[in-house]
*Asks:* 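Would you mind keeping the following structure in view while I ask a few things?
Being a predicted model, the structure only gives us computed values, none of them experimental. Just follow the structure's listing: the first ligand is 1, and inside any ligand the first atom is 1.
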Amino acid sequence: MTTTVATPDKPWGGRFTEPTDEFVESFTASVSFDQRLAGHDIDGSIAHARMLHTIGILSQQDVDAIVNGLEEIRAEILRDDFNWSIALEDVHMNIEARLVDRIGEAGKRLHTGRSRNDQVATDMRLFVREQLDFIVERIVLLETALVNLAEQEAETIMPGFTHLQVAQPITFGHHMMAWYEMLERDKQRFVDCRKRINQMPLGAAALAGTSYPIDRQFTAQLLGFDNPASNSLDAVSDRDFTIEFTAAASLVMTHLSRFSEELVLWSSTQFGFIELPDAFCTGSSIMPQKKNPDVPELVRGKTGRVYGHLIALLTLMKSQPLAYNKDNQEDKEPLFDTIDTVLNSLHAFGSMMPHLQPNRENMFQAAQQGFSTATDLADYLVRKGVAFRDAHEIVGQAVRIAIDSNRGLADLTLHELQELSSDITDDVFSILTVEGSVASRNHFGGTAPEQVRLAVYNAKQRMRGI
Ligand code: ARG
């Protein structure tokens, strides 16, 4: 008796008596997006085949045919000469079917001791590991731009803000180094997350492991994994690493979004603190005078989609029983988009920052306004023996006089100041200047130019891995 297979094009068709519904076929297929994993899928298959050979499952002839066949398929894909088929569902079955096409029998032996469940989990880890390294490289490029700018502008004075009200004078270099610190934490988060990504699912097979005497250490070593994953059920079902990665991505986007917000404000006519390079701005089709900070605005806007992907991935996992479920196919698009968004945003910032032009004069003028040295006057009085609360009160009165007469604190006469406190002498004027104010904050982590240079030095050492 001969049996007809209802789904001749499906590698799993044997037990089916009805062809797949056309809509279901496209609804369940992932090949339109998971073809992005092709290179890693081929790497994983080659390592698996070599391991099968070392344990005597594949002959030398078979493994050679498989490796050559897969390399030829890689070349076909790279030159966009590969016919992706929805009927073959995903990247894994497309490549496997093509291999069988090319090399026949030997191709059918590749899937021994393996399942698409451990295969896809492995591909995803290899892919994320690679992209994570690109992200870290781009963070370092942006850090370098910030550190260079900080060094160049170590003495540039600008107003520091709290509540977006002028608070105290700071140096522009110090502000750049604050951004650097945020990025450095972001980088470390990625580097740390990499350790948990770098565990190999292969060998877990569908969920329970395999009855072949596989050598998982060998495969792990070929693929550059630190270890084989310790539990087969966990190995095929775990997508924590995508969540952790996307959480780290969300934080770097939070930081880029905050930088963006400041760049948008600073480049406005009202602030006039910086000039963004023309090449990174666009004009208005109706208002000829406009130069819009589109790049930072877009980065700020794109932050939202990465947060969305984080929530999507968390929600994807929250109700899944062990082990693999098809739900996991939904991890790819959010993750891919997260990676693209972070890489592009970092690239935009990394190439824009070296061309940013600080407007020193405008920042200096702005720092003079808003009585930004009021705290320095209070500290001065404390050094003369006045209690801080009393000093606060005295300075408040000085600010009032300055407001009423439309002057800055440094414009008050010695006589006017002495009427408020007899402890004030003519040395007060050196601390009422913004230069004096920043220079006096000369401790580790402070805004003084000397400390900015030290922070720049430390950052450069750190970046060189010293
Ligand atoms: N395309 C699938 C995914 O991304 C591959 C694994 C399919 N496994 C299965 N048992 N249907 O998750």
Side-chain angles (χ1 to χ4, degrees), residues 6-7 9-16 18-21 23-45 47-48 70 73 77 82 84-100 110-131 197 199-210 223 229 232-243 245-246 309 312-339:
T7 54
D9 48 0
K10 310 282 188 215
W12 41 253
R15 61 100 67 217
F16 285 77
E18 247 190 308
T20 317
D21 177 274
F23 168 76
V24 171
E25 187 165 86
S26 75
F27 185 70
T28 53
S30 53
V31 66
S32 62
F33 49 88
D34 69 10
Q35 54 182 270
R36 203 166 160 177
L37 299 173
H40 297 106
D41 193 68
I42 289 173
D43 293 341
S45 289
H48 180 67
L70 286 170
I73 291 171
I77 294 170
F82 188 93
W84 297 104
S85 151
I86 290 220
L88 287 167
E89 210 173 305
D90 55 26
V91 62
H92 323 291
M93 296 207 295
N94 268 269
I95 292 179
E96 194 184 328
R98 179 74 184 125
L99 183 68
V100 175
L110 169 64
H111 211 51
T112 314
R114 182 176 81 165
S115 149
R116 273 187 297 155
N117 297 351
D118 59 345
Q119 190 178 354
V120 70
T122 302
D123 293 3
M124 288 291 282
R125 283 172 185 270
L126 289 171
F127 177 76
V128 179
R129 184 180 77 184
E130 173 193 83
Q131 300 297 314
I197 291 172
Q199 308 288 318
M200 186 192 70
L202 270 183
L207 76 164
T210 170
L223 292 170
S232 64
L233 298 175
D234 183 42
V236 290
S237 83
D238 169 39
R239 295 294 183 275
D240 297 6
F241 71 95
T242 64
I243 296 174
F245 173 88
T246 308
H309 297 325
L313 289 168
L314 283 164
T315 314
L316 176 68
M317 292 312 294
K318 72 181 265 297
S319 308
Q320 285 194 46
L322 286 172
Y324 175 85
N325 302 282
K326 185 79 164 183
D327 310 42
N328 281 346
Q329 185 164 288
E330 286 290 305
D331 64 353
K332 291 170 194 62
E333 288 160 295
L335 190 74
F336 293 167
D337 188 66
T338 295
I339 288 168

*Asks:* Does CD belonging to Glu330 count more than 12 external heavy atoms closer than 6.0 Å?
*Replies:* no

*Asks:* Only heavy atoms of Lys332, strictly under 4.0 Å: list the atoms of ligand 1 that pass.
*Replies:* 3 (C), 4 (O), 12 (O)

*Asks:* Can you find a non-hydrogen atom of Gln119 under 4.0 Å from ligand 1?
*Replies:* no

*Asks:* Identify, by atom number and element, the atoms of ligand 1 in contact range of Asp90, meaning under 4.0 Å from any of its heavy atoms.
*Replies:* 1 (N), 2 (C), 5 (C)

*Asks:* Considering distance alone, does some N or O of Tyr324 sit under 3.5 Å from an N or O of ligand 1?
*Replies:* yes

*Asks:* Would Arg239 count as a polar contact of ligand 1, with the cut-off being nitrogen or oxygen pairs under 3.5 Å?
*Replies:* no

*Asks:* To check your reading of the model: name the closest protein heavy atom to atom 2 (C) of ligand 1, its residue, and the distance in Å.
*Replies:* Gln329 OE1, 3.3 Å

*Asks:* Among all protein non-hydrogen atoms, which one is nearest to atom 11 (N) of ligand 1, and what is the separation to 0.1 Å?
*Replies:* Arg116 NH2, 3.5 Å

*Asks:* Which class fits the ring pair Phe23 and Phe27: parallel under 30°, tilted 30 to 60°, perpendicular over 60°?
*Replies:* parallel

*Asks:* Could you say whether the N/O atoms of Ser30 and ligand 1 ever approach to under 3.5 Å?
*Replies:* yes

*Asks:* Any sub-3.5 Å donor-acceptor pair from Asp90's side-chain atoms to Ser30's backbone N or O?
*Replies:* no

*Asks:* Determine whether more than 12 heavy atoms belonging to other residues, nucleotides or ligands lie under 6.0 Å from atom NZ of Lys326.
*Replies:* yes

*Asks:* Do you know which two heavy atoms are closest between Leu314 and Ile243, and how far apart they sit?
*Replies:* CD2-CG2, 3.6 Å

*Asks:* Within 45 degrees of the ring normal and closer than 6.0 Å to the centroid, is that where the cationic atom of Arg125 sits relative to Phe241?
*Replies:* yes

*Asks:* With only distance considered, is Glu89 within less than 3.5 Å of ligand 1 through an N or O on each side?
*Replies:* no

*Asks:* State whether the side chain of Asp118 and the backbone N or O of Gly203 hold a donor-acceptor pair below 3.5 Å, judged by distance alone.
*Replies:* yes

*Asks:* Quick test: of every protein heavy atom, which one is nearest to atom 9 (C) of ligand 1, and how far off is it to 0.1 Å?
*Replies:* Asn117 OD1, 3.5 Å

